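The structure appears below as structure tokens.
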Amino acid sequence: MRSSKILSFTFSFLFTPQVLGVQILTQFTQLTNLTYDYVIIGAGNAGLVLANRLSENPKVSILVIEAGVSDQGVIAAEAPFLGPTLTPNTPYDWNYTVVPQTGMNGRTFAYPRGRLLGGSSSANYLFHQYGTNEDWDRLSKVTGDAGWSWSNMKQYIQKHEKFVPPVDGHNTTGQFIPSLHGFNGVTSVSLPGFNQTIDPMVLEATQQLSDEFPFNEDMSGGDHSLLGIGFLQSSAGQGSRSSSSTSYLAQANSRPNLTVLINTTVLKLLRSPQVASNAIPSFRKVQIATSGTIVTAAKEVLLCAGSVGTTQILQLSGIGNNNDLKSLGIATVVNNPSVGDNLSDHTLLPNIFSVKDGQSFDDFLRDQSEVNAAVQQWVANKTGIFANNVVNNFGFARLPSNASIFSSTSDPAAGPGSPHWEIILSNFWFNPGIPQPSTGNFMTVVIVLISPTSRGSIKIASTNPFDKPLIDPKYLTTDFDIFAMREAVKAIKRFLAAPAFSSHVSGPFGTSFSSATDDDSIESYVRGLTTTIFHPVGTASMSSRTAKTGVVNPDFTVKGTVGLRIVDASVFPFVPSSHTQGPVYLLAERASDIIKAAG
Ligand SMILES: Cc1cc2nc3c(=O)[nH]c(=O)nc-3n(C[C@H](O)[C@H](O)[C@H](O)COP(=O)(O)OP(=O)(O)OC[C@H]3O[C@@H](n4cnc5c(N)ncnc54)[C@H](O)[C@@H]3O)c2cc1C
Ligand SMILES: *[C@@H]1O[C@H](CO)[C@@H](O)[C@H](O)[C@H]1NC(C)=O
Ligand SMILES: *[C@@H]1O[C@H](CO)[C@@H](O)[C@H](O)[C@H]1NC(C)=O
Ligand SMILES: *[C@@H]1O[C@H](CO)[C@@H](O)[C@H](O)[C@H]1NC(C)=O
Ligand SMILES: *[C@@H]1O[C@H](CO)[C@@H](O)[C@H](O)[C@H]1NC(C)=O
Ligand SMILES: *[C@@H]1O[C@H](CO)[C@@H](O)[C@H](O)[C@H]1NC(C)=O
Ligand SMILES: *[C@@H]1O[C@H](CO)[C@@H](O)[C@H](O)[C@H]1NC(C)=O
Ligand SMILES: *[C@@H]1O[C@H](CO)[C@@H](O)[C@H](O)[C@H]1NC(C)=O
Ligand SMILES: *[C@@H]1O[C@H](CO)[C@@H](O)[C@H](O)[C@H]1NC(C)=O
Ligand SMILES: CC(=O)N[C@H]1CO[C@H](CO)[C@@H](O)[C@@H]1O
């Protein structure tokens, strides 16, 4: 039994029998061939999209290498509500932490990343959206590639998404806009399927405070504004998580030209021997395991190890900042200071309110026998509270256009229609920092900084691939970031003051929140409690072919190399204005088309 760090209840990992696909190998000694057309590093969110799309061509052979374990039979990876128990510090996590954060009173905290088939798409909280059209148009502008514009990217929703009815089968008219969705794609997406006490209050508050917090009929993004509050769409169907493993890999798993090797850490890439001394370095060799075994890509290596793993592998391979590499004794092959630089992430602050009645989930989650019964119900029927996500309603907002910060800082949002911050409404104590009190009922209002300007870095700490890198997001180190968090705290207090909540909510819980009443006290409250919502990007930024900075070109090829592309969240130069798995899926779908076209 372990006590979940983020949910209050005690939960022992449960398993149903493992049924590994025939092609899934668990040790490199099982490989019958050490050469493949494509070698994909990381069976994560992006990596398994590539594995599926590239293996559509039976003439192409593909090896996917994943450090982590199988997701099969791991109930916490399947039952949506249990997603938050998968991290941090479990067999499914890389167990990273951030270095002490100067903008957060020197605090350090967990920095989870999925370490199992499906990567972070198997370990995340299942929020599913695509960012705003302005996010993609900005990417197009920054990279000089019209193919990144939303008008081109939205076609990939149809390939990716399979919108399905909610698990409780309720009538969803008015809770999403069908024309914005795909119904024949690969990954299941669905609306909430288990009602929470606060849902009708939240909806009523959007009527009562419709100027500041209007109801939004569809929260997927793209051409439809994300501003306002509406129903969460989750990467789930029929009561179970839909990850890149359960969707993209499951669909492709029986193809004979696709091999997936788990339980195997990639140590680094090796430069292939080249005749011409001035040849552009070719990185088609991948070293796995300490024995020195090498697999070779006849065509390309596709690096999909995520914002942390990809950065680490590049630097271990001599692709990075010459000064940093030299200080570790690594021979620089490609001097590129942008590698690991410009890390950007969304911050999270849980604001806890006490509620008057016993209608939150807190008492249920404290009752081990009720929790066990809910797990049994999920196992038997894939229904009940654990078949649903932890949240039903959430939304996005902008700072007012006359906010004082804009006299000194230009608006960092992706555009005038894109949000600065997010509000997530939860029917219980949902707080990664502080253990739940043994009594009491709560409502948690999480705020997330959506348009951060703080930029940090990821650097390897040593030449040992098994050492954790130094992760320094430099959270809340700019005036804009602290201003936006402060104004968001004020705004959610206005939201909770709506008459709709008056019979349920009694007020802020705890002294640091209840005494956060003026700018200074709100700022210290924010710096004292904020952590991450796990959306790191930017450490292998995409830029135009002619740019002086950046790591990959608009077609994902790594600058200064041949035979190597990076396809994962690390290439986003700006963090999208939403949760990031949906943008990663669209990115990887387009990458598949680009790689196929290149042959
Ligand atoms: C706890 C958590 C909650 C989140 N909640 C949400 C949410 O609700 N909604 C949302 O949209 N987004 C959420 N995110 C973010 C989202 O899941 C990620 O942005 C996205 O999945 C990243 O995809 P990726 O392909 O870049 O990396 P990943 O999916 O992390 O894939 C990288 C893969 O590479 C493997 N790997 C790394 N290094 C090596 C190596 N050396 N050798 C072999 N394999 C390696 C990893 O094990 C992993 O499987 C969450 C993330 C986390 C961690
Ligand atoms: C994982 O790999 C190690 C060696 O790298 C091996 O000892 C172990 O048995 C493997 N696990 C499985 C389940 O095959
Ligand atoms: C290994 O795979 C490569 C690429 O598909 C192929 O050319 C080669 O013949 C294979 N070798 C063996 C021994 O099967
Ligand atoms: C993370 O921590 C868990 C729990 O201690 C452990 O089982 C797991 O092996 C660790 N993962 C890594 C990559 O170190
Ligand atoms: C769902 O509700 C809408 C309006 O609220 C109604 O028009 C529609 O017929 C309902 N659909 C079903 C299947 O009941
Ligand atoms: C749950 O809430 C939704 C949205 O308010 C509503 O459409 C649905 O009918 C409710 N279901 C039940 C069983 O009350
Ligand atoms: C970092 O991001 C900024 C935009 O915020 C950009 O101007 C700069 O070129 C980036 N630097 C690198 C090294 O990518
Ligand atoms: C599963 O559903 C069936 C049919 O509705 C019901 O009889 C049974 O009690 C349920 N099982 C659990 C464990 O909830
Ligand atoms: C911004 O404008 C609103 C009215 O539109 C006003 O109430 C508010 O005080 C203004 N804020 C600032 C900082 O000027
Ligand atoms: C490496 C590999 O598994 N290649 C196979 C790809 O699929 C074709 C058949 O479709 C096989 O002939 C290859 O051996």
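Source: prediction; values computed, not measured. Just so you know, ligand 1 is whichever comes first in the structure, and atom 1 is the first atom listed for that ligand. Residues: numbered from 1 along the sequence shown.
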Original post:
Tell me: protein heavy atom nearest atom 9 (O) of ligand 9, and distance?
Top reply: Asn402 ND2, 4.8 Å
Subject >> Side chains of Asp345 and Thr532, donor plus acceptor under 3.5 Å >> reply: yes
**OP:** Mind checking whether Leu267 contacts ligand 1 via backbone (N, CA, C, O), side chain (CB onward), both or neither, at a 4.0 Å heavy-atom cut-off?
**Re:** neither
Original post:
In ligand 1, which numbered atoms sit nearer than 4.0 Å to a non-hydrogen atom of Phe127?
Top reply: 7 (C), 8 (O), 9 (N), 10 (C), 11 (O)
Original post:
Just one of Val339, Val301, Leu314 clears the side chain to side chain contact (heavy atoms under 4.5 Å, CB included) bar with Ile566, so which one?
Top reply: Leu314
**OP:** Could you point out which residue of Thr310, Asn45, Thr539 forms a side chain to side chain donor-acceptor pair (under 3.5 Å) with Asp568?
**Re:** Thr310
Original post:
With ring centroids as reference points, do Phe430 and Phe428 lie under 6.0 angstrom apart?
Top reply: yes
Original post:
Which of the listed options, Val69, Thr26, Asn263, holds the heavy atom that is closest to atom 3 (C) of ligand 2?
Top reply: Asn263
**OP:** Identify, for atom 7 (O) of ligand 2, the protein heavy atom at the shortest distance, and state residue, atom and that distance.
**Re:** Gln27 OE1, 4.6 Å
Original post:
What class does the angle between the rings of Tyr130 and His128 fall in, given that below 30° is parallel, 30 to 60° is tilted and above 60° is perpendicular?
Top reply: perpendicular
**OP:** Report, in ascending order of atom number, the atoms of ligand 1 lying under 4.0 Å from any heavy atom of Pro112.
**Re:** 53 (C)
**OP:** For the pair Glu300 and Arg284, find out whether any cationic side-chain nitrogen is under 4.0 Å from an anionic carboxylate oxygen.
**Re:** no
Subject >> Geometric N/O contact Ser404 with ligand 9, under 3.5 angstrom >> reply: no
Original post:
Numbering the atoms of ligand 1 from 1, which are under 4.0 Å from a heavy atom of Gly306?
Top reply: 26 (O), 27 (O), 32 (C)
**OP:** List every atom of ligand 1 that sits less than 4.0 Å from any heavy atom of Leu126, numbering the atoms from 1 in the order shown and giving each element.
**Re:** 7 (C), 8 (O)
